Asker: 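Got a structure for you, questions after.
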Amino acid sequence: MPGVFQLSPDELLRDAANAHEAGVPAVLLFGIPDKKDLKASGASARNGIVQQTVRLLKKELPSLLVITDVCLCEYMEHGHCGIVHRDARGARILNDPTLKILAQAAASHADAGADIVAPSDMMDGRVRAIREKLDTSGFIDTPIMSYAAKFASAFYGPFREAAESTPQFGDRRSYQMDAANAQEALREVALDIQEGADIVMVKPALAYLDLIYRVKSEFGYPTAAYSVSAEYSMVKAAAAKGWIDERAVTMESLLAMRRAGADILITYAAKDVANWLKKG
Ligand code: PBG
Ligand code: ZN
């Protein structure tokens, strides 16, 4: 991804400090472990890459809001977001055994000091499982930002390359949503709210403005829009060719997400945008 790199904790601290200084209020962390396996052991390791980094950030930059992505794909050899079961019929993702691991990962992030946990796996029942685990572990005040309406999307391509989380077989269609089905997306959002989500997210953003609008108007919940890796990379690529004005196109796209109803914008352009806004 253009301008987006894997960082060590100390490099991340430096980048986060610069972004925060420029006016970015929050970061969303994704971890890439040294070793991947078949049960995502790295996801909830006490000294895992995310847990370590959260501790460092909260110590050095206490006013920076630290949100952690909770998923297993970066920690799995096969790159899927859940436990994989193989038998004569082929490979399947097992929803329920995945919940326990996700809940442990979320609790380990909260224990490290994460301000908000953000499950992105799209397994059924994960918000409830995470809420229960957080509550029984003493993290009753840690909010959940749920990737509630997350579509199976080609717009995640650059991220998967950057995060080394491309599925080694099959695709994510058994857990992520069908791009054609708005009703299902609204149902998923309703379920996540019932299960205890505090913030609901629509992802991708620009191609799904109708969903942002509907989610905000139907539920009136704090709504986040995640402008994903290809949205960002396409703008960068066209700008590099001199075809578009990067700043104007980025600002207009983010404005459209706000106009549609998003309260929170998650974007790889956050630091650029903060600097542009400061300069006026
Ligand atoms: C992992 C995850 C993905 C993204 C965020 N968390 C990839 C995927 O689901 O395949 C996509 C982010 C982006 O494209 O910017 N569950
Ligand atoms: Zn995942």
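Given the structure is predicted, the values throughout are model-derived calculations rather than measurements. Just so you know, residue 1 is the first one in the sequence shown, and it goes up from there. Remember, it's 1-based here, ligands and their atoms both numbered in the order they're listed.
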Asker: Do side-chain atoms of Tyr156 reach the backbone of Phe151 as a donor and acceptor pair under 3.5 angstrom?
Answerer: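 Side chain of Tyr156 to backbone of Phe151, a donor-acceptor pair under 3.5 Å: yes, one is there.
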Asker: After noting the C-alpha distance and the side-chain angles of Asp15 and Lys271, does the key distance pass the salt bridge (Lys or Arg N to Asp or Glu O under 4.0 Å) rule?
Answerer: CA-CA 9 Å; Asp15 279 12; Lys271 193 174 139 201; 5.6 Å; no
Asker: Looking only at protein heavy atoms, which one is nearest to atom 15 (O) of ligand 1, and how far off is it?
Answerer: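 The closest heavy atom on the protein side is Tyr268 OH, 2.5 Å.
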Asker: When Lys36 is tested against each of His78, Glu164, Met76 for side chain to side chain contact (heavy atoms under 4.5 Å, CB included), which residue passes?
Answerer: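 With Lys36 as partner, side chain to side chain contact (heavy atoms under 4.5 Å, CB included) holds for just one option, Glu164.
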Asker: Is there at least one pair of N or O atoms, one from Arg172 and one from ligand 1, spaced under 3.5 Å apart?
Answerer: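 Right, the criterion is met.
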Asker: With distance as the sole test, does Arg258 use its side chain to make a donor-acceptor pair with the main-chain N or O of Ala262 at under 3.5 Å?
Answerer: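 Between the backbone of Ala262 and the side chain of Arg258 there is a qualifying donor-acceptor contact (under 3.5 Å).
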Asker: Can you tell me which portion of Ala230 lies within the under-4.0 Å heavy-atom range of ligand 1? Options are side chain, backbone, both, or neither.
Answerer: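 For Ala230, there is no contact with ligand 1 at all, from either part.
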Asker: So, 2.8 Å as the limit: is an N/O/S atom of Cys73 located closer than that to the Zn ion (ligand 2)?
Answerer: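 So Cys73 counts as coordinating the Zn ion (ligand 2), yes.
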Asker: What's the shortest distance from atom 1 (C) of ligand 1 to any protein heavy atom, and which residue and atom give it?
Answerer: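 Protein heavy atom with the smallest distance to atom 1 (C) of ligand 1: Cys73 SG, 3.3 Å.
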Asker: Non-hydrogen atoms of Glu231 versus ligand 1: any pair closer than 4.0 Å?
Answerer: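 Contact check Glu231 vs ligand 1: negative.
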Asker: What atoms of ligand 1 come closer than 4.0 angstrom to any heavy atom of Tyr226?
Answerer: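 Reading through ligand 1 atom by atom, the close ones are 12 (C), 15 (O).
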Asker: What is the nearest protein non-hydrogen atom to atom 11 (C) of ligand 1, stated with its residue, atom name and distance?
Answerer: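 Ranked first by proximity to atom 11 (C) of ligand 1 is Lys203 NZ, 2.9 Å.
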Asker: Look at atom 3 (C) of ligand 1 and say which protein heavy atom is nearest, naming residue and atom and giving the distance to 0.1 Å.
Answerer: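 Heavy-atom neighbour on the protein nearest atom 3 (C) of ligand 1: Phe159 CE2, 3.3 Å.
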Asker: Could you tell me the angle subtended at the Zn ion (ligand 2) by SG of Cys81 and SG of Cys71, rounded to 10°?
Answerer: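 Rounded to 10°, it measures 110°.
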Asker: Can a donor-acceptor pair be found, under 3.5 Å and without considering hydrogens, that links the side chain of Asp121 to the backbone of Cys81?
Answerer: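 Judged by distance alone, no pair lies under 3.5 Å.
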Asker: State whether the side chain of His80 and the backbone N or O of Phe169 hold a donor-acceptor pair below 3.5 Å, judged by distance alone.
Answerer: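 Flag set: sc His80 to bb Phe169 pair under 3.5 Å.
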Asker: So is there a nitrogen or oxygen of Tyr147 less than 3.5 Å from a nitrogen or oxygen in ligand 1?
Answerer: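 No; the residue has no nitrogen or oxygen that sits under 3.5 Å from a nitrogen or oxygen of the ligand.
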Asker: For a side chain to side chain contact (heavy atoms under 4.5 Å, CB included) with Val200, tell me which candidate from Val127, Ile144, Thr223 qualifies.
Answerer: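 The option that passes is Thr223.
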Asker: Give the atoms of ligand 1, by number and element, whose distance to some non-hydrogen atom of Cys71 is under 4.0 Å.
Answerer: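 So the atoms of ligand 1 that pass are 16 (N).
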Asker: Below 3.5 Å, N or O to N or O, backbone or side chain included: is there any such pair between Asp121 and ligand 1?
Answerer: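 So ligand 1 has no N or O lying under 3.5 Å from an N or O of Asp121.
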Asker: To which protein heavy atom is atom 2 (C) of ligand 1 closest, and what is the distance rounded to 0.1 Å?
Answerer: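 The protein heavy atom lying closest is Lys150 NZ, 3.4 Å.
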Asker: Would Asp115 and Lys58 pass as an ion pair if we require N to O under 4.0 Å?
Answerer: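 Between Lys58 and Asp115 there is a salt bridge, with a charged N closer than 4.0 Å to a carboxylate O.
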Asker: Give a yes or no answer on whether the side chain of Gln51 reaches the backbone of Ala43 with a donor-acceptor pair at less than 3.5 Å.
Answerer: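 Confirmed, Gln51 side chain pairs with Ala43 backbone.
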Asker: Of Thr250, Leu206, Thr267, which is the lone residue that meets side chain to side chain contact (heavy atoms under 4.5 Å, CB included) with Glu231?
Answerer: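 Exactly one option meets the side chain to side chain contact (heavy atoms under 4.5 Å, CB included) with Glu231, and it is Leu206.
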Asker: Starting from atom 10 (O) of ligand 1, which protein heavy atom do you reach first, and at what distance in Å?
Answerer: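 Scanning the protein heavy atoms, the shortest distance from atom 10 (O) of ligand 1 goes to Arg160 NE, 2.6 Å.
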Asker: Ring-plane angle category for Phe30 and Phe159, please: parallel below 30°, perpendicular beyond 60°, tilted otherwise.
Answerer: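 Ring orientation, 0 to 90° scale: perpendicular.
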Asker: Heavy-atom pairs closer than 4.0 Å: do any link ligand 1 to the side chain of Tyr232, the backbone, both, or neither?
Answerer: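 Near ligand 1, Tyr232 shows nothing, with every heavy atom at 4.0 Å or more.
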Asker: Looking only at protein heavy atoms, which one is nearest to atom 14 (O) of ligand 1, and how far off is it?
Answerer: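 Here the nearest protein heavy atom works out to Ser229 OG, 2.7 Å.
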